[in-house]
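Proteins get letters first, then strands, A, B, ... in listed order; numbering begins at 1 in each.
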2 protein chains.
Amino acid sequence: MDAGALVFDVFGTVVDWRAGVAREAARLLGPDVDAAAFADAWRARYQPSMEEVRSGRRPFVPLDALHRESLPAALAEVGGGPVADDVAGELVLAWHRLDPWPDSVPGLARLRRRHLLAPLSNGGVRLQVDLARHGGLPWDTVLGAEVVGRYKPDPEVYDSAPRFLALPPSRVCLVAAHVDDLAAARERGLRTAYVHRPAEFGGDPVPPVTDPAADLSVGSLEELADALGC
Amino acid sequence: MDAGALVFDVFGTVVDWRAGVAREAARLLGPDVDAAAFADAWRARYQPSMEEVRSGRRPFVPLDALHRESLPAALAEVGGGPVADDVAGELVLAWHRLDPWPDSVPGLARLRRRHLLAPLSNGGVRLQVDLARHGGLPWDTVLGAEVVGRYKPDPEVYDSAPRFLALPPSRVCLVAAHVDDLAAARERGLRTAYVHRPAEFGGDPVPPVTDPAADLSVGSLEELADALGC
């Protein structure tokens, strides 16, 4: 695979959203809320909240705004009460402070030697900048949903990566832990690499070990660097 | 000045376009062309070429395309003949390989400790990524013309910086060596810092030493770091 650029799904693929959100929830909400269950409940509202934008029922708003809107219902689902605005704001920023998986930074450092690297996430630009500073992610620039005003799997998000990076789609590879994201990228002519992240959902469910439709399936970003000879 | 983010004009402010273009022209065109005069002639077509897009007479195209289109006339002006497509392509890429001014990288490294940093240039995303890799510019992300499909001084370019960085305009400062760029940024509520770059045009003309309308006027990015306590 002759990829000039690697673009990455981020939540689940590069960073551990579940542990990070749970850590901040435990800090901000105390022991009365099951922090991991809260993280799952909040994440469960992720796709439905974006669907309002994808369908055209509302104009694009960045993911922070969707997280803020879905917070009360997620809290209520796990028995949490309403929280003050400043606490809500801090909880939304939990998504800006997620830790990378242990292999992410060493893997990206190696991959960067021979490839352009950028997130292609539904998270916003500032969110990705904050994650990069928090975790030391060596992106060349931030691409993704907010830059084009659409959420994946809208084709425009995938199309924007080769356009901004001035490469043919066949020289851009999406790296993701989610087979539906990869399938949508292939529809637009991108290469695809699947990363198995067994702990993304806390071990239940465990995602498939490989994606037979992808160009590559690996168990970590260091394995991806091995596979690409970096 | 409480700037959370510093966004930068790049050509002339962070990198020396004239010496860089002249160096590549000398390499690619040989001694029969006055390389510095060619750089000046090409740059002179920069504003008029963007004006076609700004006026709405043509849809947005990235700066590389405008450089490619204005190349034959710039060459002819200095007595150069037509060049093969591969040479023309290499000349366009000269704008991706410009060296930073000597103070740029040490200044940015210090500024980055306390500010988000991004280019806000009329150069495209890939061009900025290439300049950053070539010169070691520590951007957090690339912003600017191509991301919004407009050329400075279109207000949308300036407005996009606080929007993508999730900051009020008053906490974003444009750093530029050109008073007109800074004036347009102030119109949109951004802070401004003027950098005096006496050699940008080869010493003739010499730009003003300060911009009295800017929040700050400095002689280098290291002086800017001093002024901001970084």
Any idea which heavy atoms bring [X] and [Y] closest together, and the distance?
X: A/His115; Y: B/Arg133; result: O-NH2, 2.9 Å
X: A/Phe164; Y: B/Val147; result: CE2-CA, 4.1 Å
X: B/Arg163; Y: A/Glu146; result: O-OE2, 4.0 Å

Beyond-backbone contact of B/Arg126 with A/Leu116, side-chain heavy atoms, under 4.5 angstrom: yes
Distance-only, no hydrogens or angles: does the A/Thr141 side chain make a donor-acceptor pair with backbone N or O of B/Thr141 under 3.5 Å?
no
Pair count under 4.5 Å, heavy atoms only, with chain A: among B/Val142, B/Leu143, B/Asp130, B/Asp64, highest is B/Val142
Query raised in the report: Does CD in A/Glu187 sit with more than 12 non-hydrogen atoms of other residues, nucleotides or ligands closer than 6.0 Å?
Result: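 Not more than 12 within 6.0 Å, no.
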Fill in: A/Ala132 portion near chain B, given a 4.5 angstrom heavy-atom threshold
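No part of it gets close to chain B.
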